[in-house]
Amino acid sequence: MKITGVDVHVVNLPLLNPFTSSFETKTGETRTVVRIRTDSGVEGWGETMWGQPVAALVRALAEDLIGTSPFALEAFHRKQHMVPFFHGYLGYAALAALDVACWDAMGKATGQSVTDLLGGPVRTEVPLTALITRADAPGVTGADLPGALAEHTAKVVAEGGFRAVKLKGTTDVAGDVAILRALRAELPAIDLRVDPNAAWSVPDSIRAGIALEELDLEYLEDPCVGIEGMSQVRAKVRIPLCTNMCLVRFEEFAPAVRLGAVDVVHGDVYKWGGIAATKALAAHCETFGLGMNLHSGGELGIATAAHLAVVASTPVLSRAIDSMYYLHADDIIEPLTLRGGSLTVPTGPGLGVAVDEDKLHHYAEVNAKEGDLTR
């Protein structure tokens with residue numbers, strides 16, 4: 001079986017509500033979608049972060065896939081080993097788009113799910129984290145905000161069945177601490193996390209971390225910038241530290257461990273360059289006694305199915321994962337259904353999902369009119 005062609009589409013899909021972090025507010029998501037075609041008629045679908053810049057790189061890299069087998073992924077990645085060095089996150093994202101499409105094709109060619117190809121399931125349901133931002137209490141400010149967000153979060157948890165909640169933090173450190181106190185008072189049994197996206201200084205991270213110790217947070221994610229800064233916070237704060245910002249390449253793993261900077265690493269198929277790389281990250285985490293979870297970059301159904309396959313086949317990924325999937329207003333596949341705060345792992349061949357090509361082309365036309373929403 002040889003790859004004969006690669007199709008690339010960029011799509012814009014709306015979110016149900018605005019999503020705010022410490023560095024942006026977005027109302028929709030831009031994703032790059034890839035289909036590989038083979039001479040046997042088998043097709044494989046992939047999806048990755050961001051839009052036109054990634055799509056251009058995918059098209060360039062695809063030239064090296066055509067004429068090869070979808071099973072020859074190791075050779076492809078070895079040939080492209082300098083792509084992340086020159087292109088950073090864009091390089092990892094472009095490689096992952098093609099990587100996931102090849103895994104989908106391998107599964108379909110063999111009649112096996114990607115989960116089975118990765119070693120088989122250790123779980124069939126994957127819990128998601130409820131993601132909370134200040135935009136969830138529109139028009140509410142000041143002293144009224146913590147209570148309003150706590151009330152909103154309680155409704156989200158009750159309706160969705162979530163067992164974990166993450167607050168997207170801001171530069172307002174004291175305000176975030178007040179919100180977390182209100183969330184804990186409202187939801188005493190929930191797994192609670194906060195992610196300022198490195199918006200806090202090291203001193204503020206230490207002060208806030210000490211103040212938050214009584215809330216029994218599951219972890220504090222990327223309060224400040226860098227391995228050195230995180231190690232200073234971890235030396236003073238008893239809350240476990242999680243990262244998806246200071247440890248994002250294998251070259252950074254040893255320094256992070258040596259300095260004791262993190263307790264939990266957030267992996268991501270699309271930020272780490274593919275499925276095998278994410279599984280390798282899991283092996284590193286287990287070897288050094290670190291926890292692991294999955295980051296979300298706004299995955300639609302294809303990308304979410306790939307994440308579910310990785311979680312289903314990886315014992316260390318035992319926490320409720322981050323996923324913005326349930327926040328999207330539509331999808332380009334038959335939507336996965338959230339039940340009891342969890343998604344069921346697809347069991348069909350490959351990723352186990354089917355693309356609605358009418359929706360794919362519709363949302364590609366939206367991108368052509370609007371341009372990229374996320375970059």
Side-chain angles (χ1 to χ4, degrees), residues 14-29 128-160 162-225 229-230 233 236-245 295-296 298 320 322-324 326-329 341 373-374:
L15 293 170
L16 291 168
N17 298 293
F19 187 85
T20 299
S21 66
S22 63
F23 60 92
E24 67 173 348
T25 295
K26 57 184 179 180
T27 58
E29 201 75 54
L128 305 189
T129 306
L131 302 174
I132 304 301
T133 84
R134 294 189 183 208
D136 291 323
V140 183
T141 59
D144 295 329
L145 183 59
L149 277 179
E151 183 178 344
H152 165 79
T153 304
K155 292 178 181 177
V156 170
V157 168
E159 292 171 1
F162 296 102
R163 288 163 279 171
V165 168
K166 181 164 88 171
L167 172 69
K168 293 297 287 186
T170 67
T171 54
D172 177 14
V173 184
D176 287 342
V177 171
I179 292 168
L180 287 163
R181 285 175 172 154
L183 291 175
R184 175 53 79 212
E186 184 73 28
L187 298 162
I190 206 82
D191 289 334
L192 186 59
R193 315 160 181 170
V194 60
D195 176 17
N197 287 113
W200 301 352
S201 68
V202 170
D204 281 343
S205 297
I206 293 171
R207 283 194 292 269
I210 292 172
L212 292 169
E213 285 179 351
E214 65 182 9
L215 302 186
D216 190 28
L217 298 187
E218 186 178 12
Y219 51 68
L220 172 57
E221 182 180 343
D222 286 311
C224 61
V225 173
M230 290 279 283
V233 175
K236 298 289 182 66
V237 175
R238 290 180 295 173
I239 303 170
L241 295 190
C242 174
T243 188
N244 115 86
M245 295 179 70
H295 162 265
S296 177
D322 281 4
S323 175
M324 291 184 64
Y326 74 99
L327 299 174
H328 288 101
L373 302 175
T374 48

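Heavy atoms only: backbone and side chains are in, while hydrogens, waters and symmetry mates are out. Just so it is clear, the model here is predicted, and its values are computed rather than measured.
- Between Asp172 and Arg134 a salt bridge is recorded (basic side-chain N to carboxylate O distance below 4.0 Å).
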Chi angles and distances behind the side chain to side chain contact (heavy atoms under 4.5 Å, CB included) call for Thr129, Arg193: CA-CA 9 Å; Thr129 306; Arg193 315 160 181 170; 2.8 Å; yes
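- Between Leu217 and Ile239 the shortest side-chain heavy-atom distance falls below 4.5 Å.
- Rounding to the nearest 0.5 Å gives a distance of 11.0 Å between CG of Leu149 and CG of Asp144.
- A heavy-atom distance below 4.5 Å is found between the side chains of Leu131 and Phe19.
- Counting all heavy atoms, side chain and backbone alike, Ala199 lies closest to Thr170 at CB-O, 4.0 Å.
- For Ser205 against Val233, the heavy-atom pair with the smallest separation is CB-CG2, 3.6 Å.
- Qualifying ring pair (Phe, Tyr, Trp, His ring centres under 6.0 Å) partners for Tyr326, counting only residues two or more places apart in sequence or in other chains: Phe162.
- For the pair Leu180 and Val194, the minimum side-chain heavy-atom distance is below 4.5 Å.
- The two residues Pro146 and Ala182 make their nearest non-hydrogen contact at O-CB, 3.5 Å.
- Going from atom CG of Leu192 over to atom CZ of Arg181 covers 12.5 Å, rounded to the nearest 0.5 Å.
- Across all non-hydrogen atoms, the minimal contact from Val202 to Gly229 is CG2-CA, 3.7 Å.
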Derivation of the side chain to side chain contact (heavy atoms under 4.5 Å, CB included) call for Asp176 and Trp200: CA-CA 11 Å; Asp176 287 342; Trp200 301 352; 3.7 Å; yes
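- Side chain of Asp195 to backbone of Asn197: a donor-acceptor contact under 3.5 angstrom is found.
- Between the side chain of Asn17 and the main chain of Asp136, no donor-acceptor pair closer than 3.5 Å is present.
- The distance from the OG atom of Ser201 to the CZ atom of Arg207 is 6.0 Å, given to the nearest 0.5 Å.
- The structure places OG of Ser323 at 11.0 Å from NE2 of His295, a figure rounded to the nearest 0.5 Å.
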Side chain to side chain contact (heavy atoms under 4.5 Å, CB included) between Asp322 and Glu221, worked out: CA-CA 12 Å; Asp322 281 4; Glu221 182 180 343; 4.2 Å; yes
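- Within 6.0 Å of the CD atom in Glu213, the count of heavy atoms belonging to other residues, nucleotides or ligands exceeds 12.
- For the pair Met245 and Val225, the minimum side-chain heavy-atom distance is 4.5 Å or more.
- In this structure, the separation between CD1 on Ile190 and CG on Leu183 is 10.0 Å, given to the nearest 0.5 Å.
- Side-chain contact between Cys224 and Met230 is present, with heavy atoms from C-beta onward closer than 4.5 Å.
- Shortest non-hydrogen contact noted between Ala135 and Pro18 is CB-O, 3.8 Å.
- The nearest pair of heavy atoms linking Ala208 to Val173 is CB-CG1, 3.7 Å.
- Salt bridge status for Arg184 with Glu214: absent, with no side-chain N to carboxylate O gap under 4.0 Å.
- In terms of the side chain to side chain donor-acceptor pair (under 3.5 Å) criterion, residue partners of Lys26 (sequence neighbours excluded) are, by chain and number, Glu29.
- For the pair Asp191 and Arg163, the salt-bridge criterion is not met [side-chain N within less than 4.0 Å of a carboxylate O].
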Thr153 vs Glu186, side chain to side chain contact (heavy atoms under 4.5 Å, CB included): CA-CA, chis, key distance, verdict: CA-CA 9 Å; Thr153 304; Glu186 184 73 28; over 6 Å; no
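- Side-chain contact between Pro240 and Leu220 is absent, with no heavy atoms from C-beta onward closer than 4.5 Å.
- Taking the side chain to side chain donor-acceptor pair (under 3.5 Å) definition, one finds that Thr133 meets it with nothing, sequence neighbours left out.
- By the 4.5 Å heavy-atom criterion applied to side chains, Thr141 and Leu145 are not counted as neighbours.
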